[in-house]
Student: 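My structure is below; once you've seen it, I'll send some questions.
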Amino acid sequence: MSRLQPARGTADLLPDSMAKHRLVIEAARAASACYGFQEMATPIFEFSEVFSRPLGESSDIVTKENYSFADRGGEMLTLRPENTAGVVRAMISGGLTQSLPLKYFYAGPMFRYERPQKGRMRQFHQVGIEYLGPDDALADAEIIACGARFLAALGALDDCELHLNSLGDAQSRSAYRAALITYLESFVDQLSDDSKTRLAVNPLRILDSKDTGDRQILQNAPQLQDYLNDASKAHFADLTAALDAAGVSWVFDPLLVRGLDYYCHTAFEFVTTSLGAQGTVLGGGRYDGLAEMLGGPPVAGVGWAAGVERLAMLVETAKANSPKVAIITADDGARLAAFQLAEQLRDSGIEIDLPTSGAIGKKLKKAGKAGICVAVIIGSHELANNTVQLRNLEDGSQQEQPLDLADSNGLAAAIAKSLLAP
RNA sequence: GCGGGUGUAGCUCAGUUGGUUAGAGCGCCAGUUUGUGGCACUGGAGGUCGCCGGUUCAAAACCGGUCACUCGCCCCA
């Protein structure tokens with residue numbers, strides 16, 4: 001137990017949890033397809049610059065939270081910590097800026113070197129969409145509506161609140177940032193230690209500090225929305241009007257920010273109260289500056305990502321797929337015939353479990369527990385008479401059926417019929 | 001990276017102020033039933049008490065370290 005563990009922050013997905021994950025991913029896939037997003041995938045690792053360039057080489061994220069390593073050729077590679085940078089890189093490398101707009105859906109594993117918590121693993125899984133090209137606020141509205149539709153399909157939307165804010169365009173942001181720094185510098189002695197360093201490194205993040213002293217100081221801090229220029233105000237008004245028209249409810253959250261420079265305008269999160277401190281279940285925003293930062297032409301973009309693990313915790317139960325029919329041998333004399341029959345029934349599209357060990361009683365018991373509905377019982381006696389016993393494991397009824405190993409269609413039909421019966 | 005909590009059977013957990021052979025329920029295996037599951041009864045397997053060290057005549061228990069899990073902080077692209 002102590003010796004053979006999965007590496008820290010990783011977990012096996014055994015069939016029952018895998019079923020929950022698949023349910024989440026398929027809901028996201030269906031919701032995004034509904035809006036015309038097409039599934040694609042980028043590599044699980046990239047040259048480190050893809051992830052470090054938009055963030056700055058010395059930031060905490062790059063130096064402490066990335067899984068980076070040199071390969072045998074000396075290239076610095078990083079396991080992808082999120083997929084937006086990879087998708088934008090793929091757009092640039094593939095020359096797809098000629099085919100805008102692009103609407104992409106993805107699902108897959110991501111990696112961050114962090115202290116694990118509930119719903120926060122070192123290897124985790126995300127689903128997400130990216131809408132590349134348009135700078136229209138209706139694009140923002142569309143991806144948010146898509147996210148809401150996805151959460152609704154999981155039955156999670158009712159427990160979530162959509163938090164919405166505008167960061168404004170680059171001009172608005174830098175005006176606000178300057179004002180905020182000026183204000184906070186006059187309280188620098190009273191700020192928490194964490195926020196003192198944030199003031200130098202990433203002042204906007206002080207807005208969502210959890211320190212009560214910081215929150216006190218923030219009461220009278222300049223407000224982001226007062227620094228939005230007309231174009232930024234118009235974008236936000238356009239977005240909220242579209243959400244209202246679509247019946248997507250939202251709350252204005254002036255403290256919801258993104259620290260990185262390539263973000264602009266819309267920032268949003270769907271937050272649930274049922275998951276402790278890790279309450280954000282789906283989050284995203286507009287990142288018009290990212291493509292240029294990665295060395296491509298300026299291309300507007302907006303998207304979101306959602307953590308599969310966290311959403312899977314909100315899914316009540318999901319039953320792993322398992323066969324409904326088992327072929328059970330009564331004695332070794334029917335081993336080969338049973339194997340042959342199993343293959344023939346699979347040809348007919350029936351999922352067959354063929355247990356190989358244990359007495360007949362054991363096999364029936366296990367089949368019943370595994371949720372198998374019908375057992376085909378075959379032994380030397382049946383083989384000699386060209387029959388099988390068809391046993392309904394739910395009500396215990398049993399009937400004899402003819403066995404013809406040259407043509408099992410009749411038996412397949414009888415099984416299909418008993419599977420349909422209540 | 002920082003702080004709190006928790007590590008005993010496959011799972012959920014008992015285990016007295018330190019005391020000699022570490023328990024229960026569920027699950028698993030076998031039998032009662034030599035070819036028919038669920039119920040019942042009977043029996044059985046399964047434990048380096050997370051790991052290393054220390055205190056002690058004696059440690060699952062006390063102390064130190066370490067690892068893992070968990071909650072919060074930092075971070076959250």
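So that the names make sense, note that chain A is the first sequence line, chain B the second, and so on, each numbered from 1. Fair warning: this is a prediction, and the values are worked out from it, not measured in the lab.
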Student: For each nucleotide in nucleotides 40-45 of chain B, reading 5' to 3', give B when a protein heavy atom comes within less than 4.0 Å of its base, S when such contact involves only the sugar-phosphate, and - otherwise.
Tutor: ------
Student: Can you give each donor-acceptor pair under 3.5 Å made by side-chain atoms of residues 324-337 of chain A, sequence neighbours left out, with the distance rounded to 0.1 Å?
Tutor:
residue : atom : partner : partner atom : Å
A:T329  : OG1  : A:K363  : NZ           : 2.9
A:D331  : OD1  : A:G333  : N            : 2.9
A:D331  : OD1  : A:S380  : N            : 3.3
A:D331  : OD1  : A:S380  : OG           : 2.6
A:D331  : OD2  : A:S380  : N            : 3.1
A:D331  : OD2  : A:S380  : OG           : 3.4

Student: Within 45° of the ring axis of A:Y113 and under 6.0 Å from its six-membered ring centre, is that where the NZ or CZ of A:R122 lies?
Tutor: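 Judged by the rule, A:R122 and A:Y113 form a cation-pi pair.
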Student: For B:G72 and B:C63, measure between their P atoms and round to the nearest Å.
Tutor: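 So the two P atoms sit 27 Å from each other.
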Student: Using the C1' atom as the point on both nucleotides, what is the distance between B:A14 and B:C49, in whole Å?
Tutor: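 Taking atom C1' in both B:C49 and B:A14, they lie 13 Å apart.
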Student: Give one of base, sugar-phosphate or nothing for A:G396, where a contact means two heavy atoms less than 4.0 Å apart.
Tutor: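 Base, at least one base heavy atom under 4.0 Å.
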Student: Expressed as a whole number of Å, how far does the P atom of B:G43 sit from that of B:C26?
Tutor: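 Rounded to whole Å, the distance is 14 Å.
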Student: Regarding A:E382, tell me which of base, sugar-phosphate or nothing describes its non-hydrogen contacts under 4.0 Å with the strands shown.
Tutor: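 Result for A:E382 = base.
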Student: Measure all distances between protein nitrogen or oxygen atoms and nitrogen or oxygen atoms of nucleotides 26-32 of chain B, and list the pairs falling under 3.5 Å.
Tutor:
residue : atom : partner : partner atom : Å
B:C28   : OP1  : A:K369  : NZ           : 2.9
B:C28   : OP2  : A:K369  : NZ           : 3.3
B:C29   : OP1  : A:K366  : NZ           : 3.1

Student: Do the side-chain N and O atoms of A:E82 and A:Q126 include a donor-acceptor pair separated by under 3.5 angstrom?
Tutor: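 A:Q126 and A:E82 do not have a side-chain donor-acceptor pair below 3.5 Å.
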Student: Using a cut-off of less than 4.0 Å, is there contact between a side-chain N or O of A:R115 and OP1 or OP2 of B:C73?
Tutor: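 False: A:R115 side-chain N/O out of range (4.0 Å or more) of B:C73 OP1/OP2.
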Student: Hey, does the side chain of A:Q117 come within less than 4.0 Å of B:U70's phosphate (OP1/OP2), counting only N and O?
Tutor: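 For B:U70, neither OP1 nor OP2 has a side-chain N or O of A:Q117 closer than 4.0 Å.
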Student: Nearest whole angstrom, please: distance from the P of B:C76 to the CG of A:D194.
Tutor: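 Distance check: A:D194 CG to B:C76 P gives 11 Å.
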Student: Would you check if there is a donor-acceptor pair between the side chains of A:D140 and A:H235 at a distance under 3.5 Å?
Tutor: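 Side-chain D/A pair, A:H235 to A:D140: present.
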Student: Side chain of A:R198, heavy atoms from C-beta onward: which of B:C74, B:G35, B:G37 has the nearest atom to it?
Tutor: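 Shortest atom-to-atom distance from the side chain points to B:C74.
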Student: In whole angstrom, give the distance that lies between atom CD of A:E114 and atom P of B:G72.
Tutor: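 Those two atoms, CD and P, are 14 Å apart.
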Student: Whole angstrom is fine here: how far is it from CG in A:D208 over to C1' in B:C74?
Tutor: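 Checked: the CG to C1' distance equals 12 Å.
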Student: Please work out whether the ring planes of A:F270 and A:F268 are parallel, tilted or perpendicular, with thresholds of 30° and 60°.
Tutor: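 Ring orientation, 0 to 90° scale: perpendicular.
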Student: By a strict heavy-atom criterion of less than 4.0 Å, which residues belonging to residues 77-89 of chain A are in contact with RNA chain B?
Tutor: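 Contacts with RNA chain B under 4.0 Å: A:P81, A:E82.
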Student: Can you check the distance between B:A58 and B:U20, where both ends of the measurement are the C1' atom (answer in whole Å)?
Tutor: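 Here B:A58 and B:U20 have their C1' atoms 8 Å from each other.
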Student: What integer number of Å spans the P atoms of B:A68 and B:C76?
Tutor: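 Taking atom P in both B:A68 and B:C76, they lie 24 Å apart.
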Student: Output all residues satisfying salt bridge (Lys or Arg N to Asp or Glu O under 4.0 Å) with A:E26, sequence neighbours left out; order by chain, then residue number.
Tutor: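 Not a single residue meets the salt bridge (Lys or Arg N to Asp or Glu O under 4.0 Å) criterion with A:E26.
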Student: How far does the C1' atom of B:C29 sit from the matching atom of B:A9, given to the nearest Å?
Tutor: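 Each nucleotide's C1' atom is 15 Å from the other's.
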Student: Taking atom P in both B:A22 and B:C57, compute the distance separating them and give it to the nearest angstrom.
Tutor: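 Roughly 23 Å separates the two P atoms.
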Student: With a 6.0 Å cut-off on the ring centroids, do A:F187 and A:Y183 count as close?
Tutor: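 Close enough - the centres of the two rings lie under 6.0 Å apart.
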Student: Show which side-chain atoms of residues 196-205 of chain A pair as donor or acceptor with protein atoms under 3.5 Å away, not counting sequence neighbours.
Tutor:
residue : atom : partner : partner atom : Å
A:T197  : OG1  : A:D194  : O            : 2.7
A:R198  : NH2  : A:S195  : OG           : 3.3
A:R205  : NH2  : A:D208  : OD2          : 2.7

Student: If we count only N and O atoms by modelled type, under 3.5 Å, do the side chains of A:T84 and A:E130 hold a donor and an acceptor together?
Tutor: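 A:T84 vs A:E130: donor-acceptor pair found between side chains.
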Student: Using atom CZ of A:R215 as one end and atom P of B:C73 as the other, report the distance to the nearest whole Å.
Tutor: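 Answer to the nearest Å: 11 Å.
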Student: For nucleotides B:G18 and B:G54, find the distance between their C1' atoms and express it as a whole number of Å.
Tutor: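 B:G18 and B:G54 have their C1' atoms separated by 15 Å.
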Student: For A:D214 and A:S192, which I'm curious about, is there any donor-acceptor pair between the side chains at under 3.5 Å?
Tutor: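 Short answer, yes.
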Student: So, A:Y287 and A:R258: side-chain donor and acceptor under 3.5 Å apart, yes or no?
Tutor: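 Result is no, nothing qualifies.
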Student: Distance alone, cut at 3.5 Å: any donor-acceptor contact between the side chains of A:E269 and A:T280?
Tutor: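 Checked: A:E269/A:T280 side chains pair up, N/O donor to acceptor below 3.5 Å.
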